[in-house]
Amino acid sequence: MCGIIGIASNKSVVSNIIQSLKKLEYRGYDSAGIATIVDGNIDEKKCTGRVDNLEKILFKSPSKGSLGIGHVRWATHGAPSKENAHPHSSEDVSVVHNGIIENSNELKKILEEKGYKFKSQTDTEVITFLLTDFLKEFDLVDTINKTLKTLNGSFALGILFKKYNNIVVGARRGSPLAVGYGPEENYLGSDSYALKSMTNKITYLDDGDVCILTNDKVDFYNSENKKINKKTLTLSDDKHTVEKGDYKDFMTKEICEQNLTVKTCIKEYVDQLRKDINLYNFPIKPKDINKIILIGCGTAYHSCAMAKYWFEELTDIPIEIDIASEFRYRRIKLNKKNLYVFVSQSGETADTFAALDLCKKNKVKTCSIVNVVESSIARSSDFVLPIHAGPEIGVASTKAFTGQMLVLYILAIKISEVRKEISILDYEKKINDLKNLPDLIKKTLNYCQNNTPLIAKDFMKAKGAMFLGRGLSFPIALEGALKLKELSYLHAEGYPAGEMKHGPLALIEEGLPVVILAPKDRYFEKTISNMQEVIARGGKVILITNEVNKIVSENVRFTLEIPKTNEHLTPFLMTIPLQLLAYHVASLKNCDIDKPRNLAKSVTVE
Ligand code: F6R
């Protein structure tokens, strides 16, 4: 999704803005642009497509300037085009914007009546003209303040003024924004990742905050226009995890390092010596929990769907799962005895954040399970459980899904133990089993890397695919289908195998690839009979199981055998062949693996 960069320096900023925009590419975007102040005037350059195109434009017609803003845009209002790309500039002001201005149509009419001529279909251009208009009457701070008060919706802004040619201004409401401090220059960024190559000293803006950057200082104001001091954080050094290394793309790397991320996460939470799980300062006594509500979007929601099975098997607590974009608008009765758990890789997903915000306003207990610990969701919730997966760059979530599931599983075991709903023996056995998970994942990875490319060929001519599972395999089927859709653009459905007869069986026809997840568990026989129904109708079955024998494999096109482990850990192993399958299908179709079309890594608009 859109990304912002701003730099106030005493030397040329163009190349650093371009390099930082490249860091933001992972978020998914369709156009890019930059504006600097050159000889007292605003110089704007924009293009459709990649930052490389912008670089080519700059090569032919270089920009200068020690003050600049840059943007990568993911289209919301108006098609991806050069006119709609940011920055949006008037003679006096240049603006880059993340978010959505909800009252842009009304504001546009008013501004048009005043004679302003709009060049784009975006909601952002109203900000440019509002600032330009207020600037005629007011000083800098009042101009910003009055403009922000006129806007409804969410935004993170980076602004340049022709008149104030030594400052970059930032403002935040709803969409994240950070300030970074460098040697004789200061930075603005929509996430710390974009700033990391320049600094590890960061301040996050809160909702309503405005910042004014020069090359040697940063001033912060709150929504009441009062000057405020803000905390500076030092970011951890994770250089090694944000480079592709020898891998072809980030997604391969992120899939292949799952054994290591799981190992790190287990080390953070599990004390193998004492056979215990560390969960200090949990915001609610597990004994007092009335109900747990797990909330997320996309893959994060699938990890919630998975956790529902674990919680229900391990505890007596009623569990609900919810999609954040639904939760936030339903008329839900929030209850102080419930625990609301928000799952998010980025910690910036607009819908998840809004759902959390709703809970905060109703003063109910919140906990977040995030990868980015400096994120808005982490900072706003009562309690944070990091997944310790390291930066995930590929747009399609892989290692973060595994990490989210792992933390949810660990949480379920711990809550169950504190509530005395499992025996000590069982608790210790579960902890012991976790020790073996990294090796089992490694083994599964090695095996599936060799076997999935061949299977992927079968998907090349298919017009769709189905993923079926029962019980603990059902949420994994959902995730497998999502991975295939987003990476290879093939239509895919994830379904509970037992639901097939109620409609989806009509989709099965000669040659349709159907992935059946059938580990040896209490659903096994039932899943296998569902599989036979698919085979009987011509479906091309790819069976993923840990119980291979001749009878079940008859008429199965491919069988993938994953290692045996405890039933609760099997979903972790089931996930791997599905990630690799989606990857190889997408590779064969020459899709952009790390940046699938239309998608963004961090979905900061609803
Ligand atoms: C799918 C994927 C998305 C995200 C979703 C939520 O591969 O990555 O479905 O899971 O957009 O994002 P986070 O976890 O950052 O809240």
Side-chain angles (χ1 to χ4, degrees), residues 1-3 26-28 74 175-176 190-193 249-251 254-255 258 294-307 321-328 341-357 367-381 384-387 389-408 467 475-476 478-490 492 494 575 578-583 585-586 591-606:
M1 208 133 277
C2 306
Y26 79 97
R27 294 165 72 107
W74 187 82
S175 304
S190 44
D191 67 29
S192 57
Y193 180 61
D249 37 59
F250 278 106
M251 188 176 172
E254 286 155 8
I255 292 175
Q258 286 177 106
L294 304 168
I295 302 153
C297 299
T299 289
Y301 170 74
H302 293 160
S303 71
C304 299
M306 184 68 246
I321 52 173
D322 227 315
I323 292 175
S325 55
E326 290 296 314
F327 178 90
R328 65 181 286 194
V341 180
F342 296 86
V343 183
S344 173
Q345 187 286 127
S346 62
E348 301 294 352
T349 301
D351 283 318
T352 313
F353 184 74
L356 166 64
D357 199 43
C367 164
S368 62
I369 294 178
V370 294
N371 196 24
V372 183
V373 284
E374 306 98 0
S375 61
S376 307
I377 290 175
R379 283 179 292 124
S380 297
S381 44
V384 186
L385 292 169
I387 64 169
E392 190 180 64
I393 309 297
V395 164
S397 191
T398 51
K399 64 176 181 173
F401 176 61
T402 297
Q404 290 159 354
M405 289 200 295
L406 183 57
V407 171
L408 283 159
F467 291 75
I476 304 301
L478 291 177
E479 177 59 8
L482 178 62
K483 285 288 92 85
L484 188 68
K485 305 186 230 224
E486 62 184 334
L487 285 165
S488 72
Y489 320 143
L490 252 188
T575 303
L578 303 190
Q579 293 171 340
L580 285 166
L581 192 59
Y583 174 87
V585 176
C591 299
D592 188 339
I593 301 284
D594 283 337
K595 298 183 210 87
R597 71 180 180 204
N598 304 339
L599 298 181
K601 184 67 187 160
S602 185
V603 185
T604 49
V605 291
E606 72 167 302

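Every number for a ligand or one of its atoms is a count from 1 in the order of the listing.
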In this structure, CD1 of I295 is separated from CG of D351 (nearest 0.5 Å) by 11.5 Å
If you measure every N or O of T352 against every N or O of ligand 1, does any of those distances drop under 3.5 Å?
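No - when backbone and side-chain N and O of T352 are compared with those of ligand 1, no distance drops under 3.5 Å.
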Quick one: are I387 and I369 in side-chain contact, heavy atoms under 4.5 Å?
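Side-chain contact under 4.5 Å: yes.
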Side-chain heavy atoms of I476 within contact of M405, under 4.5 Å:
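The answer is yes; the side chains approach within 4.5 Å.
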Which of the ligand 1 atoms, numbered from 1, are nearer than 4.0 Å to a heavy atom of [X]:
X: K483; result: 1 (C), 7 (O)
X: G298; result: 9 (O)
X: V395; result: 8 (O)

F467 vs L484, side chain to side chain contact (heavy atoms under 4.5 Å, CB included): CA-CA, chis, key distance, verdict:
CA-CA 10 Å; F467 291 75; L484 188 68; 3.9 Å; yes
[atom]: nearest protein contact (heavy atom, Å):
atom: atom 5 (C) of ligand 1; result: C297 O, 3.5 Å
atom: atom 13 (P) of ligand 1; result: T349 OG1, 3.2 Å
atom: atom 14 (O) of ligand 1; result: Q345 N, 2.6 Å
atom: atom 7 (O) of ligand 1; result: E486 OE2, 2.5 Å
atom: atom 11 (O) of ligand 1; result: V603 CG2, 3.9 Å
atom: atom 15 (O) of ligand 1; result: S346 OG, 2.6 Å
atom: atom 3 (C) of ligand 1; result: T299 N, 4.0 Å

With atom 8 (O) of ligand 1 as the reference point, say which of S344, S397, A300 has the nearest heavy atom.
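Heavy atom nearest to atom 8 (O) of ligand 1 belongs to S397.
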Side chain to side chain donor-acceptor pair (under 3.5 Å), that's the test. Do S397 and T299 meet it? Break it down for me.
CA-CA 7 Å; S397 191; T299 289; 5.0 Å; no
D594 side-chain N/O to F250 backbone N/O, donor-acceptor pair under 3.5 Å
yes
Donor-acceptor contact present, side-chain Y489 to main-chain R597, <3.5 Å:
yes
State if E348 counts as touching ligand 1 under the rule of any non-hydrogen atom under 4.0 Å.
no
Test item, N371 contacting ligand 1 (heavy atom, 4.0 angstrom):
no
Could you walk me through whether L578 and K483 pass side chain to side chain contact (heavy atoms under 4.5 Å, CB included), step by step?
CA-CA 8 Å; L578 303 190; K483 285 288 92 85; 6.0 Å; no
Positive for side-chain hydrogen bond (donor to acceptor under 3.5 Å, both in side chains) with Q579, one of Q258, E254, E479
Q258
